[in-house]
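Take a look at the structure set out below.
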Amino acid sequence: MKKLNFLSATVLSLLYSASLSAAGMHELALSHYGSPTDTVTKATEFMAKRVKELSNGRITIKLHPNSELGASGTQIDGTRIGTIDIVVVGNPYYTTFNERLNLLDLPFLFKNESHVEKVLNSEVGENLLKSLEQYGLKGLAFYEIGFRDITNNKRQVTSVKDLSHLKLRTTPNPAHIAAFKEWGANPTPMPFNEVYFSLKTGVIDGQENPIHHIYNNNLQEVQKYLSLTHHAYTAAPMAMNLDRFNSLDKEEQDILLQAAKEGADLEKNLNIEENKIYLEKLKSQGMEVEVSPDITSFQDGAKKAWDAYANKFGDQEINKISELK
């Protein structure tokens, strides 16, 4: 009986989707990693509202926040095969199948938020989004996680030597892992939804994420030291199943692209504002903050990560990014 009920529900769902399409209506599922208070949640809520407005209700977006459809890698897989329509996750998870995107994760590649915007809005950014199409995805816009800082429970990180033997959670991105190995740490990739418990139980010593992400996920409850290294920037591309995108008409595609970009711009502005507020809150809640770590001590390890990328893909894109600063 349960199997029959499941099949009946599946058939009804397919019939419902087909009837929407036949009527010129589209309901899209959008999945992301953000907690209820995260800026990506606010930005995608705004995007969904704008899509509905611009399409006069023909397109609606159902949001699935907080990794409720699975960890980041699972969300991308679901979007590639079409069980999810749109996804927003950190760039490192795309690099598991599209290594060219490792470019954006190279340590100390970006100088500041303005430099990031110049690059992502340039031909470099456009080509990187377009590169997703060979993997069944349509890049809609660059959302972001932001500039990453280091937290841990062992000691304050004032220079690269303080990373020695620290077991730090990182993303699965090869550029991140290689850099932290060069810096003497023990990088430990794991899904973000496992980080809080792993820090609390001592499985790992620390992690690295932007200030707003640290605060919104309550990592200050299980971390003592914060160092504002800004050692890497993490984009979070919004991508859509390519076949699903191509099934829409030109006007509907343009609406999605416009609303996605508006949401991305909102998120970046929110992050700038909230990082200032949350840094003060982290201090008031007991975190010890190093505001001026010795960044020059990290440069040798960063250079090796740049060279590794250049050896594989050439240094043309790196040079273009450097020229845009």
Side-chain angles (χ1 to χ4, degrees), residues 26-35 38-52 54-55 59-98 100-101 104-105 116-117 119-121 124-146 171 192 210 212-213 233-248 252-271:
H26 306 279
E27 183 179 272
L28 305 175
L30 189 159
S31 178
H32 67 79
Y33 59 86
S35 67
D38 203 305
T39 53
V40 71
T41 303
K42 298 171 186 175
T44 51
E45 288 173 349
F46 173 82
M47 176 197 169
K49 181 180 178 182
R50 286 292 286 147
V51 165
K52 188 173 183 179
L54 292 169
S55 68
I59 307 174
T60 56
I61 294 179
K62 184 176 181 181
L63 300 173
H64 298 274
N66 214 22
S67 298
E68 67 179 43
L69 298 184
S72 293
T74 302
Q75 293 176 55
I76 293 179
D77 291 343
T79 307
R80 292 179 71 186
I81 65 175
T83 57
I84 298 170
D85 296 304
I86 304 172
V87 67
V88 185
V89 296
N91 188 68
Y93 292 96
Y94 290 91
T95 66
T96 59
F97 56 86
N98 185 358
R100 190 166 290 277
L101 282 169
L104 297 179
D105 296 306
V116 169
E117 280 302 284
V119 172
L120 297 185
N121 290 324
V124 173
E126 291 175 6
N127 288 340
L128 289 175
L129 278 183
K130 189 169 181 59
S131 72
L132 291 169
E133 293 184 17
Q134 62 185 299
Y135 303 101
L137 297 169
K138 170 66 179 179
L140 300 182
F142 280 110
Y143 284 61
E144 70 170 16
I145 294 176
T171 70
F192 185 75
H212 67 91
H213 211 47
Y233 172 84
T234 300
M238 174 181 281
M240 184 171 179
N241 177 273
L242 184 59
D243 289 339
R244 188 76 169 100
F245 181 82
N246 288 337
S247 73
L248 304 176
E252 292 164 341
Q253 292 175 353
D254 289 343
I255 286 170
L256 279 175
L257 290 167
Q258 178 183 335
K261 182 64 167 61
E262 289 179 6
D265 290 342
L266 171 65
E267 183 196 34
K268 287 162 189 169
N269 289 330
L270 287 173
N271 283 340

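Predicted model only: the values in this text are computed from it and were never measured.
Between the side chain of Arg50 and the main chain of Gly263, no donor-acceptor pair closer than 3.5 Å is present. The main-chain N or O of Ala260 is found under 3.5 Å from a side-chain atom of Tyr143 such that the two form a donor-acceptor pair. Judged purely by atom type and a 3.5 angstrom limit, Asn98 has no side-chain atom pairing as donor or acceptor with the backbone of Tyr94. A donor-acceptor distance shorter than 3.5 angstrom exists from the side chain of Asn241 to the backbone of Asp243, with no hydrogens or angles considered. Side chain of Gln75 to main chain of Gly70: a donor-acceptor pair is present (N/O by atom type, distance under 3.5 Å, no hydrogens or angles). Panel note: side chain Glu267, backbone Thr39; no donor-acceptor pair is recorded below 3.5 Å.
Salt bridge present: Lys130 and Glu133 bring a charged side-chain N and a carboxylate O closer than 4.0 Å.
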Requested in this report: Check step by step if side-chain contact (heavy atoms from CB on, under 4.5 Å) holds for Thr44 and Ile61.
Outcome: CA-CA 9 Å; Thr44 51; Ile61 294 179; over 6 Å; no
Query - Test log, rule side chain to side chain donor-acceptor pair (under 3.5 Å), inputs Thr95 and Asp105 - result: CA-CA 9 Å; Thr95 66; Asp105 296 306; 5.0 Å; no
**Report entry** CA sep, side-chain torsions, deciding dist, call: Leu129, Phe142, side-chain contact (heavy atoms from CB on, under 4.5 Å)
**Finding:** CA-CA 8 Å; Leu129 278 183; Phe142 280 110; 3.5 Å; yes
Report task. Show the numbers, then the answer: is there a side-chain contact (heavy atoms from CB on, under 4.5 Å) between Leu137 and Leu242? Result -> CA-CA 5 Å; Leu137 297 169; Leu242 184 59; 5.7 Å; no
Query - Met47 vs Met238, side-chain contact (heavy atoms from CB on, under 4.5 Å): CA-CA, chis, key distance, verdict - result: CA-CA 11 Å; Met47 176 197 169; Met238 174 181 281; 3.4 Å; yes
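Residues satisfying the ring pair (Phe, Tyr, Trp, His ring centres under 6.0 Å) test with His213, not counting sequence neighbours, are Tyr33, Phe192. A search for salt bridge (charged side-chain N to carboxylate O under 4.0 Å, His left out) contacts involving Asp85 returns Arg244, not counting sequence neighbours. Residues passing the side-chain hydrogen bond (donor to acceptor under 3.5 Å, both in side chains) test with Thr234, sequence neighbours excluded: Arg148.
Annotation for Ala236 and Val88: closest pair O-CG1, 3.6 Å, computed over non-hydrogen atoms. Closest approach of Pro210 to Gly146, counting heavy atoms only: CG-C, 3.7 Å.
Annotation: the span from Lys138 atom NZ to Leu257 atom CG amounts to 6.0 Å, rounded to 0.5 Å. Between the CG atom of Leu120 and the NZ atom of Lys268 there is a distance of 5.5 Å, given to the nearest 0.5 Å.
Atom NZ of Lys42 has more than 12 neighbouring heavy atoms from other residues, nucleotides or ligands inside a 6.0 Å radius.
Among Thr41, Val87, Ile86, the single residue meeting the side chain to side chain contact (heavy atoms under 4.5 Å, CB included) criterion with His32 is Thr41.
No side-chain heavy atom of Leu54 sits under 4.5 Å from any side-chain heavy atom of Asp254. Thr79 has its side chain out of reach of Met240: every pair of non-hydrogen atoms, C-beta onward, lies at least 4.5 Å apart.
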